[in-house]
Structure formats: structure tokens, C-alpha cells
Amino acid sequence: MTLRLYNTLTRTKEEFSPIDPNNVRMYVCGPTVYDFAHIGNARPVIVFDVLFRLLRHLYGAEHVTYVRNITDVDDKINARALRDFPNLPLNEAIRAVTQKTADQFQSDAKALGCLTPTEEPRATDNIQGMIDIISTLINKGHAYTAAGEVLFSVSSMADYGKLSGRKLEDQQAGARVAVEAHKKNPADFVLWKLSSADEPGWESPWGRGRPGWHIECSAMSKRYLGEIFDIHGGGLDLIFPHHENEIAQSRCAHGSSVMANVWMHNGFLQVEGQKMSKSLGNFVTIADLLETEKFGGQNWNGEVLRLAMLMTHYRQPIDWTKDALLASQKTLVDWNGELYSSHLKFTKDNQETYNSLTAHEDFIDALSDDINTHAGFTVLHKLAKSRQKMDIEYLFGSLNLMGLIDYQFLSARQFPLKTNINRELVVDLINDRLAARHTKNWKESDRIRDELDAMGVAIKDNKDGTTTWEVKR
RNA sequence: GGCCUCGUGGCGGAGUGGUUACGCAGAGGAUUGCAAAUCCUUGCAUCCCAGUUCGAUUCUGGGCGAGGCCUCCA
């Protein structure tokens with residue numbers, strides 16, 4: 001079994017070989033907590049959760065360390081704090097914004113079937129680590145102070161730009177880098193900047209100030225994963241400048257040739273064929289999808305969202321559409337149907353008994369090829385179709401590994417599509433219809449069927465004479 | 001302007017130098033009081049132009065098209 005991963009650093013798929021198989025280490029850039037997370041934010045959360053699960057499967061759950069940070073110092077947060085809590089002292093207002101948003105993010109991630117990372121450090125708890133790295137960079141001649149800022153000097157690093165494949169000359173040619181007089185090179189970026197009285201700040205050798213955007217990830221990854229670790233992930237847009245600058249800071253501070261061996265980036269998401277943006281009014285938050293009917297006229301189960309997200313390879317662009325969600329929902333209903341009508345007996349409190357069921361080898365093989373989730377789903381379709389006891393057990397094991405099992409549903413044998421249906425009434429009507437059918441009163445039987453249909457309930461007359469129902473879709 | 005992705009049937013979406021998976025939708029059949037569900041069968045595709053090759057959807061070059069980054073951004 002070999003795991004192969006696409007490495008942005010080399011632009012090729014490589015065989016993965018951990019530095020220490022007893023501690024496989026992965027860092028993923030987490031959210032900046034100033035607002036509700038949107039569905040685009042959910043992609044790396046889900047994708048790298050799948051990788052986390054796969055690594056735990058391959059190396060053992062206790063041999064994988066996954067760090068996903070929470071950025072809680074940022075100028076957008078300050079702005080939001082001033083807007084939403086104008087009457088609170090700044091620090092309290094900021095804490096109110098970040099706490100609320102971070103809690104929401106974590107509950108969103110959980111609803112999407114994601115495991116809790118090993119560590120979820122906050123930037124504000126790691127200021128000293130950032131100050132230490134910045135001091136080292138200054139001492140080694142990679143950083144300088146100017147106009148109240150500490151800046152990283154990109155020209156002090158021979159191979160700056162390696163990850164994004166851009167050269168310093170190209171950047172200077174591009175007219176979009178603002179030329180600021182105090183910078184030695186226009187591409188130099190901020191490590192520390194001074195704060196005014198109405199901005200959050202921490203004491204430092206350079207005065208009361210706050211860190212630049214990139215330094216926090218260098219500090220937190222070093223603290224939890226060491227100077228060199230295995231995998232660093234995030235969205236495609238972070239390649240430049242964020243990851244490039246993280247690499248520059250960490251490598252120059254530590255005198256190392258790499259920061260992480262493998263750099264992975266997920267592709268972007270569009271909504272109904274358009275770029276998601278607030279101005280187009282197609283901004284979809286995770287909470288909207290889970291809890292409201294704003295998108296596609298219904299609320300969506302977390303596993304449906306998760307499956308829809310994984311239907312497309314993580315590096316490909318994905319178009320987030322109602323049709324795709326409906327297709328995922330149907331697939332999940334079908335697979336769950338196979339599970340609960342099988343020999344496995346799921347009850348409210350026996351989940352532990354089934355957690356030992358393993359994923360199918362072909363499924364693991366598919367995931368091991370750069371997380372080819374869709375190829376994995378093809379395996380699951382085969383397993384579901386076969387209906388052999390062993391295959392059904394593999395189906396459960398595979399879905400469970402992927403975080404696509406909703407055990408509450410399995411034990412209730414009813415996929416939670418919509419919740420506003422009166423279940424007792426449905427059962428009564430079905431019994432009335434069965435009685436009518438026994439006396440061949442087709443008119444009454446069809447009338448009841450129409451009534452149920454109007455309620456959004458689809459009924460199924462099974463071969464064994466029973467009638468079951470589900471939410472119409 | 002620089003850099004980077006991608007272009008497969010009606011839709012979603014893999015793999016492959018040599019009869020193009022799989023799912024959804026469609027069609028036909030079985031079943032059904034009629035339906036639905038289910039089961040069986042089945043039609044449909046590799047953007048364009050060159051090149052390499054016995055043979056390319058796959059490799060190379062060019063074109064066209066879509067998207068991303070270069071500024072906060074998953």
C-alpha cells in the first residue's frame with residue numbers, strides 16, 4: 001500500500017514517505033474568524049479531514065498529528081468588532097467576535113462530519129512564538145525594521161518564490177505590487193506592525209503591535225509539528241503570497257531547506273456556475289445550507305454536503321449546484337437503504353459494535369491515489385449493488401472511514417431530509433390505505449396516496465406486502 | 001503583462017498509448033389493480049488543428065474556450 005500525493009512544490013504526484021511513521025504531521029491553514037464560514041471555506045476542511053482519516057487508517061490513529069489553526073488576529077476582525085460591539089472595550093469586542101465565530105466554525109465542521117484536529121491553536125495564544133521567530137530573522141539578517149514595521153527581506157533568500165513558481169523580477173514587472181518607500185524590495189512583507197491605541201496590540205521588542213498575516217502559521221506549525229514536517233495544506237489561493245511567505249520565514253529562521261515536504265492545495269468552488277461573491281448575492285454559508293432553505297429550497301444534511309464536496313477530485317474546480325446536492329442526497333439515501341435493509345442491525349446505542357468494520361481495500365487504494373474520492377465511490381456503488389454480507393460490511397466500514405455515516409439515521413431507518421412531516425399521521429394514513437387495498441377499494445387507496453404525495457411523502461409497496469415511506473425527492 | 005490549472009456522453013465524473021469506468025437522468029422489459037419503488041437489458045462522449053506512433057482520448061506543439069493567482073480571500 002503506497003500513498004501518492006500531488007505536491008505543489010514539484011507539480012507532480014509523489015509517493016508519500018513520512019519523516020517519522022510514528023508521528024505523521026500535517027498543518028492546514030484554518031479560518032480567519034470574523035464571519036460565518038461559507039461553503040468554499042468548507043472545502044479544505046472536508047478534504048484535509050479525509051486525508052487525516054486516511055493517514056490514521058494507514059499509520060494508526062495515534063501516529064498522526066493534525067494541526068488546523070484559528071486566525072483570531074486580523075484587521076477584518078477589528079473592523080467587525082467595532083461594527084458589531086461599538087459599546088464594548090476593544091479587547092472584549094474582539095473576543096466576542098472571534099469566540100462566536102470560532103464556535104460556529106467548529107460546529108459547522110462537526111456537522112460536515114469532520115474529526116476534531118489534534119490541535120486547533122489560536123494565533124493570539126502564540127504571539128511569543130512569533131516574536132521569537134521574528135527576532136531570529138532579524139539576527140540572521142533576513143528582516144529589518146522600517147517606518148514602524150518589521151519587514152521580511154525577500155532578497156535575502158536565494159530561492160524565494162519556489163512554491164508559486166514566480167521570480168522576483170516578474171513581480172516587479174507586474175504593476176500591482178504597491179511600491180512603498182520604506183521597503184527595500186516591493187515584495188518585502190510585514191512580520192510585525194505597530195498598533196495605534198484603538199487597535200489590538202502586544203508588547204514586543206519593536207513596540208506595542210501586532211503580527212503580520214503569515215508569521216502566525218510559521219509559529220504555530222513550529223510549536224506543534226517542529227521545524228520540518230510532512231504535509232502543509234490549504235486553498236489554491238494561499239500558494240501566493242501566504243504559503244510562499246510562510247516558507248520564507250520558517251526556512252530562513254531555521255536554516256532548513258524545506259518547511260514541509262508536501263504542499264497540497266484544494267481547488268476553488270463556484271456556485272451555480274458563478275464565482276461566489278457578496279456582490280452577486282450568491283454567498284452561501286455552511287449554516288445556511290444546514291439550517292435554512294435558502295439554497296435549493298430545502299435544508300441539507302451534513303453528510304449530503306460532505307458527499308457533494310467529495311464527488312469531485314479536490315484539485316479540480318467544483319460547481320456547487322442544487323442538482324449536485326440532490327444527486328448526492330439520492331446516492332446517500334440509496335447506500336443507507338442498503339445498509340439498514342441488510343443483516344446489520346443498527347440500534348441507537350450499538351455503534352461501537354460496528355466501528356471495527358473495515359473499509360474495502362479497493363476503496364483505500366482509490367483514496368491512496370491522491371485522494372481520488374470519486375474513484376472510491378465507484379467501489380462503494382459496486383459494494384452496494386452486490387449485497388453480499390461481506391460487501392455490505394465493507395460498505396459500512398468505507399463510509400464510516402469517510403465520515404459519511406449518520407448513525408442516528410441508520411438506527412431510525414429514515415434519512416433526515418426534511419423534518420416537518422407528521423410521522424404518526426403518515427403511518428395512520430398508510431395503514432388506512434392498506435386496509436382499503438385489502439378490500440380492493442382502489443379509489444380510496446389512490447386518494448390516500450395522493451394525500452400523502454401532497455404532504456411530500458412517497459410510499460413504496462414492498463414485495464412482502466408491507467408499505468414503507470420516505471420523503472419525496 | 002507574468003505565472004498556474006482545466007476542457008470527456010443530456011448532467012455529474014474517473015481511468016487509460018490499443019473493445020472509453022461508474023452514478024444520475026433517458027429508452028425497453030419484468031413486476032404492479034394503476035403507479036411508485038425494485039430487478040434485468042440498453043442507447044449516448046473524449047474542444048479544434050498539426051506532430052510522434054502500427055495505433056492517441058492519453059505524449060508533444062499550436063489554436064480556441066473556461067477558471068485561478070499576481071491585492072484581503074479556501
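As the structure is a prediction and not an experimental result, all values here were calculated from the model. Reminder, nothing fancy here: chain letters follow the sequence lines and each chain counts from 1. The figures that follow rest on heavy atoms only: side chains count, while hydrogens, waters and symmetry mates do not.
In this structure, N462(A) does not reach the A37(B) phosphate: none of its side-chain N or O atoms is under 4.0 Å from OP1 or OP2.
A salt bridge (charged side-chain N to carboxylate O under 4.0 Å, His left out) with R306(A) is found for exactly one of D108(A), D406(A), D49(A), namely D49(A).
As judged by a 4.0 angstrom heavy-atom cut-off over every strand, K76(A) is placed among residues touching the sugar-phosphate backbone only. In this structure, H313(A) reaches the sugar-phosphate backbone alone: every heavy-atom distance under 4.0 Å involves primed, P, OP1 or OP2 atoms, never a base. Among the protein residues, R68(A) comes within range of no part of the nucleic acid, since none of its heavy atoms lies under 4.0 Å from any strand. Residue D461(A) is in base contact, counting any heavy-atom pair closer than 4.0 Å across all strands shown. Here T468(A) lies out of heavy-atom contact (under 4.0 Å) with every strand. Nucleic acid contact for I239(A): none, since no nucleic acid atom lies under 4.0 Å from a heavy atom of the residue.
With a cut-off of 3.5 Å on both pairing distances, U20(B) has no Watson-Crick or G-U wobble partner at all. Both distances falling under 3.5 Å, in either a Watson-Crick or a G-U wobble arrangement, place G1(B) opposite C70(B). Across every strand in view, A25(B) sits unpaired, with no contact that passes the Watson-Crick or G-U test at under 3.5 angstrom. Partner assigned to C64(B) is G7(B), using Watson-Crick or G-U wobble distances below 3.5 angstrom.
Atom C1' of nucleotide C24(B) and atom CG of L332(A) are separated by 15 Å, given to the nearest angstrom. Rounded to a whole Å, the CG atom of D370(A) is 17 Å from the P atom of G13(B). Rounded to whole Å, atom C1' of A74(B) lies 15 Å from atom CH2 of W263(A). Taking atom CG on D446(A) and atom P on A35(B), their separation rounds to 11 Å, with Å as the unit. For the pair F377(A) CZ and G23(B) C1', the computed distance is 11 Å after rounding to whole Å. We find that NE2 of H243(A) is positioned 11 Å from P of A74(B), with the value rounded to whole Å. Atom CG of D75(A) is separated from atom C1' of C72(B) by 10 Å (rounded to the nearest Å). Note: CG (L380(A)) to P (C24(B)) measures 13 Å, nearest angstrom.
Under 3.5 Å, the side chain of H374(A) and the base of G12(B) form at least one donor-acceptor pair of N or O atoms. Residue T312(A) places no side-chain atom within donor-acceptor reach of the base of G12(B), judged by atom type and a 3.5 Å distance cut-off alone. With hydrogens and angles ignored, no donor-acceptor pair under 3.5 angstrom links the side chain of R449(A) to the base of A36(B). Scanning atom types as modelled, no donor and acceptor separated by under 3.5 angstrom connect the side chain of R387(A) and the base of C39(B).
Counting only heavy atoms from C-beta on, H381(A) has its side chain closest to G23(B) among A74(B), A36(B), G23(B). Listed nucleotides G15(B), A74(B), C69(B) differ in distance to N372(A); the shortest reach to its side chain belongs to G15(B). The side chain of Q316(A) approaches C6(B) more closely than any other nucleotide in the set C6(B), G68(B), A74(B). Closest to the L238(A) side chain, of the nucleotides G12(B), C6(B), A74(B), is A74(B). Among A74(B), U5(B), A21(B), the nucleotide with an atom closest to any side-chain atom of R11(A) is U5(B). The side chain of Q270(A) has G67(B) as its nearest neighbour among A36(B), G33(B), G67(B). Which of A35(B), G23(B), A74(B) sits closest to the side chain of T331(A) comes down to G23(B). You'll find that the side chain of T378(A) is closest to C22(B), out of C22(B), A14(B), C70(B).
At least one donor-acceptor pair closer than 3.5 Å links the side chain of T118(A) to the backbone N or O of Y66(A). Between the side chain of H313(A) and the backbone N or O of Q316(A) there is no donor-acceptor pair closer than 3.5 Å.
No side-chain donor from either of H360(A) and S398(A) sits under 3.5 Å from a side-chain acceptor of the other.
A salt bridge links D288(A) with K294(A): at least one charged nitrogen is closer than 4.0 Å to a carboxylate oxygen.
Between Y6(A) and S445(A), it is Y6(A) whose nearest contact on RNA chain B lies nearer the 5' terminus. Residue order along RNA chain B, read from the 5' end via each residue's closest nucleotide, puts K385(A) first among K385(A) and F268(A).
Contact check for N372(A) versus F377(A): no side-chain heavy atoms found under the 4.5 Å cut-off.
Going from the C1' atom of U41(B) to that of U31(B) covers 15 Å, rounded to whole Å.
Of all the heavy atoms in W263(A) and E246(A), the pair that sits closest is CH2-OE1, 4.4 Å.
In this structure, R315(A) satisfies the cation-pi test against Y6(A), with its NZ or CZ atom closer than 6.0 Å to the six-membered ring centre and inside 45 degrees of the ring normal.
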